[in-house]
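Heads up: the structure comes next, in structure tokens.
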Amino acid sequence: MNNPNATATPLKRTDYCGALRAADEGREVVLCGWVHKTRDMGHLVFVDLRDREGLAQVVFQSDRPTLSEEAKKLRGEFVVGVRGRVRRRSSVNKDIPTGEIEVEADALQVFAASKVPPFVVADPPQASEELRLKYRYLDLRRPVMQRRLRLRHEAALAARNYLSKHGYLEIETPILANPTPEGARDFLVPSRMFHGRFYALPQSPQQFKQTLMVAGCDRYFQIVRCFRDEALRADRQLEFTQIDIETSFIDRDEFFALNEGLMEALFGLVGRKVERPFRRIPYAEAMEKYGSDKPDLRVPLEMRDLTAIGREGSSEILKGVVAGGGEIKGLLIPGAGGLSRGQLDKLGEKAKALGAKGLIWVKKQDGWKSSLKTAEADFERIWSVLGGGAADLALLVADKKDAALKVLGEIRRTWPVEDAARRDRLEFCWVTDFPLFEWSEEEKRFVSMHHPFTMPYEEDLHLLETSPDRVRAKTYDLVLNGVEAGGGSIRIHQMDVQRRIFKALGLTDEETQAKFGYFLDALSYGAPPHGGIAHGFDRLVMFLAGEESIREVIPFPKTTGALDLMTGSPSAVDQRALDELGLKLKG
RNA sequence: GGGGUCGUAGUUCAGCUGGUUAGAACGCCGGCCUGUCACGCCGGAGGUCGCGAGUUCGAGUCUCGUCGGCCCCGCCA
């Protein structure tokens with residue numbers, strides 16, 4: 001661009017726009033950044049200049065007519081350098097940190113012009129997420145996004161420092177690895193050297209990190225990308241980042257404390273207090289009380305079992321459910337006794353949508369009111385078990401146990417938390433002792449709930465062959481406000497136990513050898529007792545940023561349709577690439 | 001794989017039970033303006049109503065299909 005004011009050599013930045021303060025008054029500075037906004041007053045032109053640290057106001061005055069003319073040509077998102085003197089403003093702008101000062105320009109250099117951007121670069125975003133993703137480089141210029149990138153950096157740094165301080169070494173593991181036989185769908189990578197053979201991108205470095213324990217590394221961690229070819233959600237991406245940790249000679253209490261300290265360090269970055277130690281809730285209890293394996297403890301409601309009232313009470317309906325092997329669960333909602341008939345009907349519809357046959361409600365207002373017809377003594381008993389008061393509402397579901405827990409659990413989970421202070425709390429807990437196996441309807445066999453290397457409780461081992469579904473595993477999920485923030489387990493380090501697990505999973509020796517060959521070999525060369533965890537880094541940063549989607553803290557995320565709207569990936573490849581890999585597309 | 005919801009100027013949206021010239025705000029372009037900071041004032045340009053079929057005298061509006069965004073279920077060891 002023709003620019004008579006340009007100095008012979010490019011202007012060299014001395015300061016960030018956003019870093020200038022009243023203390024810089026009188027200094028000659030050079031700022032480099034993007035034109036955020038111009039206000040052309042005729043003989044006076046104001047330009048807000050933006051860089052990653054913030055905004056500064058630059059003023060061009062008519063006593064330098066050529067310079068002023070150049071300034072009038074500036075448009076949004078032009079990249080410029082400005083030299084000038086810092087001075088106090090005649091009227092302070094209290095809304096921005098640099099509002100006390102401005103830069104009186106004496107030189108301007110346009111490094112690059114810009115097309116008119118598809119949306120205005122400003123907070124909050126004035127564009128749909130679709131458009132923001134397509135022009136992510138513009139979206140990321142927004143101060144809020146810059147802060148999130150920085151926060152993510154600081155969180156990774158804090159995690160590294162914390163774990164390093166506790167004796168953990170960050171060790172890299174392969175991205176090109178073997179397909180995982182159980183679990184999520186793998187991303188496959190064809191091999192050019194071996195047609196018909198494939199690498200897989202790791203769902204997690206699980207086997208490698210355990211191998212590092214066998215290798216004597218003792219304490220490993222890695223902030224590592226993981227890949228799962230599954231449906232995307234607000235809190236799930238095809239590729240995501242874990243803080244992956246593994247420890248030898250592990251003491252579970254110490255390990256919980258280590259991880260709680262890590263949370264303390266991370267949330268300390270945003271000035272949030274973390275209350276320790278975290279509550280520990282066995283899986284079975286979590287399901288009974290909250291109907292969820294990741295309870296949101298900000299919701300101050302708990303379920304109770306009322307099956308005995310069905311069995312011993314006067315209601316033929318409840319009696320029938322119990323006789324048929326069902327159970328009765330109750331949820332007391334304090335202060336909800338005033339709900340109208342219409343609101344109660346809505347709740348009933350919601351329960352039905354969740355698969356319940358019906359929802360029973362009970363109130364105590366001028367005598368008992370309920371959708372259930374039964375003796376007063378039954379209501380008295382329900383009230384006594386649930387601890388109800390006059391203004392309260394009780395919701396009951398009589399059904400198969402899992403169904404009843406699920407329905408009331410969902411009502412509990414989505415019940416609005418009125419108290420703002422309560423809503424803002426960080427409610428961490430450990431949910432421990434998940435079942436080792438769960439039945440797969442699809443495969444008609446038991447599959448690992450966590451993964452096949454998870455240690456069962458010794459006292460449950462005798463159930464392995466007779467009632468595998470009743471075997472508890474030494475697992476632990478870290479749950480924060482109803483979101484699974486991390487999960488891990490103590491691993492099996494004895495080959496004989498590992499063999500019994502594989503047998504219970506219905507795998508033959510040949511299959512296990514083919515699928516886990518090297519790893520079983522490794523376990524038989526002196527494996528230390530060990531265990532570990534993996535934290536969802538994106539989800540944690542999301543919490544730190546106060547956001548509700550991990551896309552807000554990932555620079556270049558994919559849409560829920562698995563597309564990258566900026567790059568257009570995934571994309572087709574030409575025939576030569578396929579030929580080289582020995583691949584042929586169907587149809 | 002299934003359900004819900006959205007798609008209209010560059011952007012965010014409005015547009016009624018189908019009706020003749022599709023609007024607003026911001027942005028953009030031009031002009032004026034010496035203290036603005038959501039600058040102001042005057043003027044202007046800008047539309048394949050996501051795409052494709054269908055119903056109808058007539059479709060932004062109704063139907064079907066399709067593509068895309070978001071949310072949820074399944075799935076996510």
Side-chain angles (χ1 to χ4, degrees), chain A residues 36-49 55-63 68 72 75-77 87-96 98-100 102 104 114-122 124-135 138 179-186 202-204 206-207 226-238 240 353-355 406 410 414 434-438 440-443 446-454 473 475 477 484 487-489 501 505 515 534 536 548-549 551 557-563 565 568:
Chain A
H36 187 68
K37 197 159 206 176
T38 62
R39 288 177 295 279
D40 182 353
M41 318 297 294
H43 286 285
L44 194 61
V45 181
F46 296 98
V47 174
D48 289 339
L49 199 60
L55 289 179
Q57 174 167 285
V58 179
V59 58
F60 294 86
Q61 297 186 127
S62 53
D63 54 1
S68 189
K72 284 176 189 293
R75 293 293 180 267
E77 303 312 313
R87 67 181 190 196
R88 286 187 175 270
R89 292 197 199 184
S90 49
S91 59
V92 168
N93 182 348
K94 290 192 176 63
D95 298 332
I96 56 173
T98 61
E100 284 184 79
E102 67 189 1
E104 183 190 357
S114 168
K115 294 204 283 187
V116 174
F119 54 87
V120 179
V121 176
Q126 290 153 51
S128 65
E129 189 172 3
E130 189 172 0
L131 205 65
R132 289 174 55 206
L133 289 173
K134 182 172 177 188
Y135 298 95
L138 297 180
T180 321
E182 312 240 332
R185 241 174 253 120
D186 284 310
Q203 296 176 27
S204 83
Q206 187 60 39
Q207 289 179 42
C226 302
F227 307 85
R228 292 176 193 176
D229 189 4
E230 298 289 350
L232 296 88
R233 288 277 201 290
D235 61 352
R236 281 157 43 181
Q237 284 274 308
L238 299 180
F240 59 99
L354 290 164
K406 180 187 161 193
E410 194 56 21
T414 53
F434 280 63
L436 187 63
F437 302 118
E438 62 185 336
S440 165
E441 237 352 277
E442 203 177 318
E443 300 184 49
F446 284 102
V447 297
S448 294
M449 199 155 174
H450 190 55
H451 58 62
F453 316 111
T454 306
T475 62
D477 274 7
E484 184 191 335
S489 64
I501 300 294
L505 286 169
K515 287 174 176 171
E548 292 189 344
S549 162
R551 291 189 300 270
K558 297 196 173 34
T559 65
T560 50
L563 296 173
L565 295 181

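Throughout, a chain's letter reflects where its sequence line sits, starting with A, and its residues are numbered from 1. Note that the structure is predicted; figures quoted are calculated from it, not measured.
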Open item on the list: salt bridge (charged side-chain N to carboxylate O under 4.0 Å, His left out), that's the test. Do K37(A) and D48(A) meet it? Break it down for me.
Closed with: CA-CA 5 Å; K37(A) 197 159 206 176; D48(A) 289 339; over 6 Å; no
If I take atom [atom1] in residue [X] and atom [atom2] in nucleotide [N], what distance separates them, rounded to the nearest angstrom?
X: H43(A); N: C32(B); atom1: NE2; atom2: C1'; result: 10 Å
X: K115(A); N: C29(B); atom1: NZ; atom2: P; result: 15 Å
X: K134(A); N: C70(B); atom1: NZ; atom2: P; result: 15 Å
X: K558(A); N: G69(B); atom1: NZ; atom2: P; result: 12 Å
X: F60(A); N: C33(B); atom1: CZ; atom2: C1'; result: 18 Å
X: H36(A); N: C26(B); atom1: NE2; atom2: C1'; result: 14 Å
X: K406(A); N: C72(B); atom1: NZ; atom2: P; result: 15 Å
X: R132(A); N: C70(B); atom1: CZ; atom2: P; result: 11 Å

Return the nucleotide paired to [N]: Watson-Crick means purine N1 to pyrimidine N3 with N6-O4 or O6-N4, wobble means G-U with N1-O2 and O6-N3, both under 3.5 Å.
N: G18(B); value: none
N: G40(B); value: C32(B)
N: U5(B); value: G69(B)
N: U63(B); value: A53(B)

Is there, by distance only and without an angle test, a donor paired with an acceptor across the side chain of R185(A) and the base of G74(B) below 3.5 Å?
no
- hbond_proxy R236(A) side chain to C76(B) base (donor-acceptor, 3.5 Å cutoff):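 Yes, the side chain and the base share a sub-3.5 Å donor-acceptor pair.
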- prompt: Mind checking what makes ring pair (Phe, Tyr, Trp, His ring centres under 6.0 Å) contact with F453(A), not counting sequence neighbours?
  reply: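 H451(A), F516(A), F519(A).
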Which residues pass the ring pair (Phe, Tyr, Trp, His ring centres under 6.0 Å) test with F60(A), sequence neighbours left out?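 Once residues adjacent in sequence are excluded, F60(A) has no partner under the ring pair (Phe, Tyr, Trp, His ring centres under 6.0 Å) criterion.
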Using the [atom1] atom as the point on both nucleotides, what is the distance between [M] and [N], in whole Å?
N: G46(B); M: C28(B); atom1: C1'; value: 9 Å
N: C26(B); M: A38(B); atom1: P; value: 14 Å
N: G10(B); M: C73(B); atom1: C1'; value: 37 Å
N: U5(B); M: A9(B); atom1: C1'; value: 24 Å
N: C13(B); M: U20(B); atom1: P; value: 25 Å
N: U66(B); M: C6(B); atom1: C1'; value: 16 Å
N: G15(B); M: G58(B); atom1: P; value: 26 Å
N: G31(B); M: A22(B); atom1: C1'; value: 29 Å

Testing G30(B), C73(B), C70(B) for proximity to the side chain of R75(A), the answer is G30(B)
Not counting sequence neighbours, which residues clear side chain to side chain contact (heavy atoms under 4.5 Å, CB included) with [X]? List them please.
X: S91(A); value: none
X: A231(A); value: R233(A), R236(A)
X: K515(A); value: P181(A), L507(A)

Have a look at [X] and say if it touches a base, only the backbone sugar-phosphate, or nothing, with a 4.0 Å heavy-atom cut-off.
X: S204(A); answer: base
X: R551(A); answer: sugar-phosphate
X: A231(A); answer: base

Between G183(A) and A234(A), the residue closer to the 5' end of RNA chain B by nearest nucleotide is A234(A)
Review point. Are side-chain heavy atoms of Q207(A) and P202(A) found at a separation under 4.5 Å?
Key: no
Residue set satisfying salt bridge (charged side-chain N to carboxylate O under 4.0 Å, His left out) with R89(A), at least two apart, ordered chain then number -> none
**Message:** Among residues at least two apart in sequence or on other chains, which ones pass salt bridge (charged side-chain N to carboxylate O under 4.0 Å, His left out) with E438(A)?
**Reply:**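 If we apply the salt bridge (charged side-chain N to carboxylate O under 4.0 Å, His left out) test to E438(A), skipping adjacent residues, there are no hits.
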Protein-proximity profile, nucleotides 4-15 of chain B, B/S/- by nucleotide at the 4.0 Å heavy-atom cutoff, equals ------SSS---
Per-nt protein contacts along nucleotides 35-41 of chain B (heavy atom under 4.0 Å; B base, S backbone sugar-phosphate only, - none) come out as BBBSB--
- Work out which heavy atom in E129(A) is nearest to a heavy atom in R551(A); give both atom names and the distance.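 Scanning both residues, the minimum pair turns out to be OE2-NE, 2.5 Å.
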If we ignore hydrogens and angles and just use 3.5 Å, is the side chain of S489(A) paired with the main-chain N or O of T454(A) as donor and acceptor? no
